[in-house]
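Scroll down for the structure; my scribbles are underneath it.
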Amino acid sequence: MKRLIAGNWKMHGLKAAMAEIEALSGKLTPADLEKSDVLICPPATLLMGLGEQAHNGVALGGQNCHQEEMGAYTGDISAEMLAEAGASYCIVGHSERRAKHGEHDALVRQKADACHRAGITPIICVGESFTDRAQGKAVKVVTSQLWASLPEDHSQVVVAYEPVWAVGSGAIPTLDDIGEVHAALREVAGQNARILYGGSVKPSNAAQILSVPNVHGVLVGGASLKAEEFYGIISA
Ligand SMILES: O=C[C@H](O)COP(=O)(O)O
């Protein structure tokens, strides 16, 4: 299965940051693109401008979408709008949306359905808290999140396992723990889904993480902001 190396810029990036995608696309070789699909999810404000140019195989994605196609939803953006702006993927159910915007599994499922409707691939995020992990509940928590977030037709989804305690903290689970969770998620998501790991991925740990069975790529936050660092992960 071809791996997917995805960068989530979160709420980072004024216009000047567009140069990072140019720098990244300049570094990518045909061999890199043979091995990996490469994706950047910039803030929505940059998506339209970036979507109007080609980036040597770097795909673009949204960081969130509304579940409806259009309507009186001030400040929101639909999956159709993201698609029109050039997105081919959209992250849904990121832990920061779940924690800070009260998004729950049923809503995440609706958003994943909206992505399908718009012809883009949802990246469905799941992950346990530090307490869940300490209590030995990680597998149970993430598999139930995925069962409840997965659209009925899940032949075209990407899943991202992001332990909440590993996001932006510098800490990561052991490789055995990552392998255990990914194997369990594979059972739920089926054979076609790519399952990414996310949470403090750096050039220094990417090769080890990517060598774990059932890890088909990574979802990178902080280390995706600079072309050189992100390329270090792509080439791992
Ligand atoms: O979506 C990306 C994740 O939240 C990971 O962020 P991080 O690589 O900064 O830990």
Side-chain angles (χ1 to χ4, degrees), residues 3-13 17 20-21 24 36-44 46-47 58-65 82 87-103 108 111-112 115 120-130 132-133 138 141-142 145-146 149 157-175 177-178 181-182 185 193-210 212 215-236:
R3 61 192 209 177
L4 172 63
I5 310 295
N8 173 12
W9 282 8
K10 308 191 179 184
M11 201 172 74
H12 296 286
E20 292 299 325
I21 296 200
L24 178 66
S36 308
D37 290 326
V38 177
L39 167 68
I40 293 283
C41 300
L46 297 186
L47 196 55
V58 180
L60 298 170
Q63 298 178 7
N64 176 47
C65 66
L82 293 173
S88 44
Y89 292 83
C90 182
I91 299 168
V92 294
H94 190 281
S95 60
E96 288 153 11
R97 303 271 337 159
R98 290 176 184 263
K100 297 173 190 171
H101 299 268
E103 292 193 5
V108 175
K111 291 184 177 203
C115 290
I120 60 181
T121 303
I123 301 177
I124 302 173
C125 299
V126 295
E128 83 282 5
S129 67
F130 185 78
D132 296 330
R133 168 62 63 187
V141 166
V142 299
Q145 277 179 344
L146 187 57
S149 307
V157 297
V158 173
V159 175
Y161 166 51
E162 295 209 324
V164 178
W165 53 273
V167 172
S169 67
I172 61 166
T174 65
L175 299 181
D177 287 342
I178 294 174
V181 171
H182 278 240
L185 292 174
R194 288 190 280 195
I195 306 176
L196 316 183
Y197 168 80
S200 297
V201 177
K202 309 280 175 222
S204 56
N205 60 21
Q208 278 194 310
I209 292 170
L210 286 163
V212 174
V215 173
H216 309 111
V218 285
L219 178 56
V220 184
S224 70
L225 293 169
K226 290 284 163 213
E228 197 169 333
E229 211 177 350
F230 194 45
Y231 185 70
I233 293 171
I234 294 165
S235 56

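Indexing begins at 1, ligand by ligand and atom by atom, following the structure's order.
Within ligand 1, the atoms closer than 4.0 Å to a non-hydrogen atom of S200 are 7 (P), 8 (O), 10 (O), numbered from 1 in the order shown. Listed by number with element, the atoms of ligand 1 under 4.0 Å from a non-hydrogen atom of V167 are 4 (O), 6 (O), 10 (O). Each of the atoms 1 (O), 2 (C), 3 (C), 4 (O), 5 (C) of ligand 1 lies under 4.0 Å from some heavy atom of E162. Residue G222 has at least one heavy-atom neighbour below 4.0 Å for each of these atoms of ligand 1: 7 (P), 8 (O), 9 (O). In summary, the atoms of ligand 1 found under 4.0 Å from a heavy atom of G199, numbered by their order in the structure, are 5 (C), 10 (O). Interface of L219 with ligand 1, defined as ligand atoms under 4.0 Å from a residue heavy atom, comprises 1 (O), 2 (C).
Rounded to the nearest 0.5 angstrom, I91 CD1 and I124 CD1 are separated by 12.0 Å.
Shortest non-hydrogen contact noted between V142 and E128 is CG1-N, 3.7 Å.
Counting only heavy atoms of the protein, atom 10 (O) of ligand 1 lies nearest to G168 N, 2.6 Å. Among protein heavy atoms, atom 8 (O) of ligand 1 sits closest to G221 N, 2.9 Å.
Residue contacts with ligand 1: G198 is excluded, as none of its non-hydrogen atoms falls under 4.0 Å. Using a 4.0 Å heavy-atom cutoff, A223 is absent from the residues neighbouring ligand 1. Using a 4.0 Å heavy-atom cutoff, K10 is listed among the residues neighbouring ligand 1.
Exactly one of I5, I123, V58, V220 qualifies for a side chain to side chain contact (heavy atoms under 4.5 Å, CB included) with L39. That residue is I123.
The side-chain heavy atoms of E96 and V167, taken from C-beta on, include a pair separated by under 4.5 Å. Side-chain contact between V108 and Q145 is absent, with no heavy atoms from C-beta onward closer than 4.5 Å. Side-chain contact check for H94 versus Q63: every heavy-atom pair is 4.5 Å or farther apart. In this structure the side chain of E229 reaches within 4.5 angstrom of the side chain of K202, judged on heavy atoms.
Only the side chain of N8 comes within contact range of ligand 1, with a heavy atom under 4.0 Å; no backbone atom does.
Between the side chains of R98 and S149, at least one donor-acceptor pair of N or O atoms lies under 3.5 Å.
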